[in-house]
Every structure is written in structure tokens, then in C-alpha cells.
Amino acid sequence: MVAIIGRPNVGKSTLVNRLCRSREAIVHDQPGVTRDRTYQDGFWDGREFKVVDTGGLVFDDNSEFLPEIREQANLALEEACLALVIVDGQEGITAADQEIAEWMRSHTCQVLVAVNKCESPEQGLAMAAEFWQLGLGEPFPVSAIHGAGTGDLLDRVVASLPREEVAIDEEEPIQIAIVGRPNVGKSSLLNAICGETRAIVSSIRGTTRDTIDTRLERQGKYWKLIDTAGIRRRRSVNYGPEFFGINRTFKAIERSDICVLVIDALDGVTEQDQRLAGRIEDQGRACVVVINKWDALDKDSHTMSRMEKELRSKLYFLDWATMIFTSALTGQRVESIFSLAALAVEQHRRRVSTAVVNEVLKEALSWRSPPTTRGGRQGRLYYGTQVAISPPSFTLFVNDPKLFGETYRRYVERQLREGLGFDGTPLKLFWRGKQQRDAEKDLARQQNHSS
């Protein structure tokens, strides 16, 4: 583990992206963009390592989040075997750099100094020479934007890493994206699961900006939890760190196996919650709906069932998702999220034989025949088969898809769910008519003939 340390706006996140060949860390010309610890994978000269980015260190507490950012940097240094202190070569040594150098002496890990913004190779060495005064060892001139000197820096980084071989588990972790509006308790939920201050928690909206990946083991499986920025309405978001954070949230939904949609029990389901739920369904992600802050409500024996009915009426398009009532503050039912998530992911990846699918469809047709038009044309459903997983997708072969209205299509989906299960995952149904199949056969014949 290599920890990136430095004062605000010296280019730490830009350098992290350069060293890890990514664009995951949010970069913006504004101090204090990074707040939490964010991790990326690095590789150089046959060596694999992790890089942990931290917020800018300031030792007076006149601004928001400064004590919390220092705590996150401390936690990063505790797990790191090497600290990379980043300074600004164009500004030269500042009082803040000297404070950080003094603070670093209280930690036991090795230290390297990277002098950023040295775009000129000729002047870089002269600019870096000044930083010998910090007493942290040889300063390396680099340019995070242009990449100058980063190869030499990486040579020194991997040479300073321990040579012990670490057994790496090959099992791919299940990725859970924790999503929701600002201030519903996403970061508090992550901290409750991890048993530590993994993410900064504040009542201020927009505290979390980066997506925060955390790997752990639960229920005999490996999981990667992705805490994300709270998503507000588009017209309320200005271009800047929050805009970038929301884009990363959308990407986290796309790369996840399952989404945990966190809803505030005090506010109930809002219009923005509905938009997020719709995005999860559109992306075909499995989902568990977590109603957080359950401890803050006055309850009786009927509160939970009554509230679940009310919430589901507003989240009707996620009626297939499991719902759980939790408290990140007290830890109530937090661990149960994993068992529900494991079942949902299992269903998300499940495949059913064609014979079983058609038994369910036959039963559905016996209870309710396809509709008939005024002209006397009736829809005919010949057979169906599962064509994909994650999410489970079915192709239904019919005489004409236009004869099957939305009501009957929903009925068939309900019957598939009742007969086959698939709790916790959306289903995709593709209706294919005879004309479509004939056109595909003609195209295949033409291709065979031309070949």
C-alpha cells in the first residue's frame, strides 16, 4: 500500500491517476476536492501495489472537514508501507509543507517526496533541490499532467516496497453500489458495515464526492462495497466536484452486480428516489432497498408493514426488490443486507431450462388467453427461452408482438416471477414475431450464399 499525502491543490489526485493509468480520482482546480480515502490499483516493473489517495492536509481547523480529513490520512498511513509526500515545485516550500514534514516524522512508514508541476526537465532538478530542506530524503521532480519523471518515481516506489509475496485471492468480489440521495445515510451505512470510519459522515450535503471502494468478506463471499456521492436533481448541481461525483455514481451503478438503494425513513420515497430506482432497473442491476434511520421513528407492531406497503406503492417498478428496515446509527439489521444481497445476486445470475420456462408459460396461457383485437386477430405465444443472465432475459416467440399490450406483457412477467422466482432482480422480456424470424432467416441465407 502506497499512501499519497500532501497539502491541498498540489496535484495529488492527478498524480494518482497518472501512476495508476486511470481517471477515477476526481480532479478539479479547487482545493479540498478529495476528502475520503480512495483506492486504485498500480502496476510497474512486474510489481502490483495499491495506491490510496487522501485529502489535502491542513493543520488549522478554520474550514469544514479538516479534522476528518486528517483522520482519514492517519488511517491510510497506518496501513501503508510507503508514503509519497506531494509538494508543489512552482510554489516552493510553504509553511504547510513543513508542518506535514514534521507530522510525517511521527509515523513509521518509509517516505518519498515527489515535487509536482515540474514540467521543464531542465528546471525540474533545480526546483526539486529546494525540498531537501524538508528532511524527508531525496525529492523527485515530476509532472502529473505530462507524465515527466513519473517513470523514475515509480522505479523508486517499487524498489522501496517489501518483497514478501502475498497470496491474492482469485475469486472476483461481488460489487455492491450504495446509492441514494444526499444525507440518507450511505456513508454511515458503510462505516457501520466496516466497523470503522471508512468515509467521512456529515450533515452537510455533498460530503462524499469520490466513489469509495471497500473490499471485505461476509457470508462466505468476497464483496466490494462502493459508497457513492448523493444524487440531487440535475438543475440543482453546478459544474464542479459534485458534478464529477454524480457521474462516478452513475458509472458505479453500471459496473455493480447489485445496488443498495438507501432511502430515508423520515422522508419516505421522494421523486429523486423514484428516478434513481428507475435508473437501477434500466441498467438491469439487482437491488435491495434499504430503509435507513429506522431508529428515529416512533413505531408500533404495525408500523413496518404499513410503511412497506406505502413505500412500495411509490416504488412500484421495483416491486421485485427486497426491502429491509435498518439503522446505520445502531447497527440494527445492517448485517442482514449481505444475506439479502447474496440471494439477489444468485437470482440475477440464474439460468432456467427452456422446458421449465415453457411449463410456466403454458400455465399462464391456461389461466388467461392472449387478447383478441376487434378485427378478430388473437395473439399467439408459441414458446419462450432464457437467452441471457445478469439480468435474466427471455425471448418469447409470438405471431405478432403488436397483439400483446402492456397489460398482458406485465401479466406474463408476473407469471414468470411466480413460477420461477427471480426475487431481487429485474427481468427483461423480448417479444419476437414471425416476420422478424423470417427476416433473420432470409438474411442468414443471403450471407451463406455470398460466402
Side-chain angles (χ1 to χ4, degrees), residues 1-3 20 22 24-25 34-42 48-54 68 71-81 166-180 184-201 207-229 248-249 251-262 285-290 292 322 324 326-349 390 424:
M1 188 78 71
V2 178
C20 298
S22 78
E24 290 185 20
T34 303
R35 292 170 176 170
D36 297 286
R37 286 173 287 152
T38 61
Y39 294 80
Q40 294 194 44
D41 294 320
E48 295 180 355
F49 53 92
K50 279 196 176 292
V51 178
V52 50
D53 192 13
T54 63
E68 292 85 355
E71 181 187 357
Q72 292 293 307
N74 257 321
L75 292 169
L77 288 172
E78 286 177 8
E79 60 185 351
C81 58
V166 179
I168 300 175
D169 182 75
E170 296 297 330
E171 182 182 344
E172 192 70 23
I174 299 170
Q175 301 203 56
I176 301 184
I178 305 174
V179 299
V184 295
K186 299 183 297 298
S187 295
S188 298
L189 188 65
L190 177 67
N191 291 343
I193 290 169
C194 297
E196 65 172 18
T197 308
R198 180 63 189 86
I200 294 173
V201 175
T207 300
T208 302
R209 289 169 170 174
D210 290 279
T211 53
I212 303 172
D213 292 7
T214 306
R215 185 178 169 121
L216 44 77
E217 185 180 1
R218 290 290 194 284
Q219 304 281 328
K221 300 179 183 295
Y222 289 99
W223 305 80
K224 182 188 280 186
L225 274 64
I226 311 168
D227 187 21
T228 63
R248 280 160 172 74
T249 298
K251 289 179 181 177
I253 293 173
E254 291 175 14
R255 67 185 168 101
S256 67
D257 296 299
I258 180 169
C259 292
V260 169
L261 176 60
V262 184
R285 302 300 93 188
C287 184
V288 173
V289 179
V290 172
N292 193 31
T322 311
I324 183 172
T326 69
S327 168
L329 186 64
T330 65
Q332 183 183 20
R333 300 191 192 93
V334 166
E335 285 297 318
S336 299
I337 294 173
F338 287 100
S339 57
L340 297 178
L343 288 172
V345 170
E346 180 184 335
Q347 295 299 307
H348 195 239
R349 299 172 176 175
S390 302

Do Thr322 and Leu343 have side chains that get closer than 4.5 Å, going by heavy atoms?
-> no
Distance in Å, Ile178 CD1 paired with Leu190 CG, rounded so as to fall on 0.5 Å steps | 5.0 Å
Check for a donor-acceptor pair, side chain of Trp223 on one end and backbone N or O of Ile176 on the other, with a separation under 3.5 Å.
-> no
State, with a plain yes or no, whether a side-chain heavy atom of Arg255 is found less than 4.5 Å away from one of Ile226.
-> yes
Checking Ser256 side chain against Cys259 main chain: does a donor-acceptor pair fall under 3.5 Å?
-> no
His348 NE2 to Asp257 CG distance, which is reported to the nearest 0.5 Å = 7.5 Å
Between Phe338 and Leu225, is any pair of side-chain heavy atoms under 4.5 Å apart?
-> yes
Which atom names give the shortest non-hydrogen contact between Val52 and Met1, and what distance separates them?
-> CG1-CG, 4.0 Å
To the nearest 0.5 angstrom, please state how far the OH atom of Tyr222 sits from the CD atom of Gln175.
-> 16.0 Å
When you check the gap from the basic side-chain N to the acidic O, do Asp41 and Lys50 get nearer than 4.0 Å?
-> yes
Distance col, row Leu261:CG vs Lys186:NZ, nearest 0.5 angstrom, shows 10.0 Å
Separation of Arg349 CZ from Glu346 CD (nearest 0.5 Å) | 10.0 Å
Nearest heavy-atom contact between Leu77 and Ala3 is CD2-CB, 4.0 Å
Heavy-atom closest contact (Leu216 atom, Ile193 atom, distance) | CD2-CG2, 3.8 Å
Asn292 and Val262, any side-chain heavy atoms less than 4.5 Å apart | yes
Closest heavy-atom contact between Ile258 and Ala344?
-> CD1-CB, 3.7 Å
What closest approach, in Å, do Arg218 and Glu335 show between heavy atoms, and which atom pair accounts for it?
-> NE-OE1, 3.0 Å
